[in-house]
Amino acid sequence: QVQLVESRGGLVQAEGSLRLSCAASGRTGSSYAMGWFRQAPGKEREFVAAISSSGGSTLYADSVKGRFTLSRDNTKNTAWLQMNSLKPEDTAVYYCALRLAPLYSVYEKSYDYWGQGTQVTVSS
């Protein structure tokens, strides 16, 4: 079993920054990709960013490209989503996900474990 614990989100003003973390524990194995998804009120959950098991490859949704950066430290089993230049439309519950494979995916069904979600609210 794998557990994912996300850091607390928060309330931030537009153009501000926030960093989320996701710590994995349990039987993760040595090779797993991680991803972030988000769900805004009244909308379906959507892909935000993902990183390969080595950390050498990342992928971002067009809506966050150039503003968000995903990184990881495998010695700490932790990934960080640095969010800059936040916009009100970034307001959502953010979910961390883990895929028991070295390559990431943009599809929710490809991920095996999920965090509990953390609220990020961006005020205008």
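- Under a hydrophobic-cluster definition in which Ile, Leu, Val, Met, Phe, Trp and Tyr are linked whenever side-chain heavy atoms come within less than 4.5 Å, directly or via other members, Val120 and Leu11 are assigned to different clusters.
- Side chain of Thr118 to main chain of Gly9: a donor-acceptor pair is present (N/O by atom type, distance under 3.5 Å, no hydrogens or angles).
- Under the 4.5 Å side-chain criterion, counting only non-hydrogen atoms from C-beta, Arg72 is in contact with Tyr32.
- Checked by atom type and distance alone, the side chain of Thr91 pairs as donor or acceptor with a backbone atom of Val122 at under 3.5 Å.
- Here the side chain of Ser52 pairs a donor or acceptor atom with the backbone of Ser57 at under 3.5 angstrom.
- Using a distance-only test at 3.5 Å, with no hydrogens or angles considered, no donor-acceptor pair links the side chain of Tyr113 to the main chain of Thr28.
- Between the Glu6 side chain and the Leu20 main chain, no donor and acceptor come within less than 3.5 Å of each other.
- Rounding to the nearest 0.5 angstrom, the gap separating the OG1 atom in Thr58 from the CE atom in Met34 is 14.0 Å.
- Counting only heavy atoms from C-beta outward, the side chains of Arg67 and Tyr60 never approach each other to under 4.5 Å.
- Side-chain contact check for Val64 versus Arg38: some heavy-atom pair is nearer than 4.5 Å.
- Taking 4.5 Å as the limit, every side-chain heavy atom of Ser7 sits out of range of all side-chain heavy atoms of Trp80.
- Using a 4.0 Å cut-off between charged nitrogen and carboxylate oxygen, Asp90 and Lys87 do not count as a salt-bridge pair.
- Between Gln82 and Ser17 the shortest heavy-atom distance is NE2-CB, 3.9 Å.
- In the hydrophobic cluster analysis, where Ile, Leu, Val, Met, Phe, Trp and Tyr join through side-chain heavy atoms closer than 4.5 angstrom, Leu59 is grouped together with Phe37.
- The backbone N or O of Ser105 sits less than 3.5 Å from a side-chain atom of Tyr111, completing a donor-acceptor pair.
- The cluster map of Ile, Leu, Val, Met, Phe, Trp and Tyr, joined by side-chain heavy atoms under 4.5 Å apart, puts Leu98 and Phe47 in different clusters.
- Cluster annotation: Tyr104 is not connected to Trp36 through the hydrophobic network of ILVMFWY side chains, with a link wherever side-chain heavy atoms come within less than 4.5 Å.
- By the criterion of side-chain heavy atoms lying less than 4.5 angstrom apart, applied directly or through intervening Ile, Leu, Val, Met, Phe, Trp or Tyr residues, Leu4 is grouped together with Val48 in one hydrophobic cluster.
- Between Leu18 and Leu86 the shortest side-chain heavy-atom distance falls below 4.5 Å.
- The side-chain heavy atoms of Arg45 and Trp114, taken from C-beta on, include a pair separated by under 4.5 Å.
- Put simply, the side chain of Val5 does not reach to within 4.5 Å of the side chain of Ser25, judged on heavy atoms.
- Rounding to the nearest 0.5 Å gives a distance of 11.0 Å between CE of Met83 and CZ of Arg19.
- Among all heavy-atom pairs drawn from Lys43 and Gln39, the shortest one is O-NE2, 3.0 Å.
- Rounded to the nearest 0.5 Å, atoms OG (Ser31) and CG (Leu100) are 9.5 Å apart.
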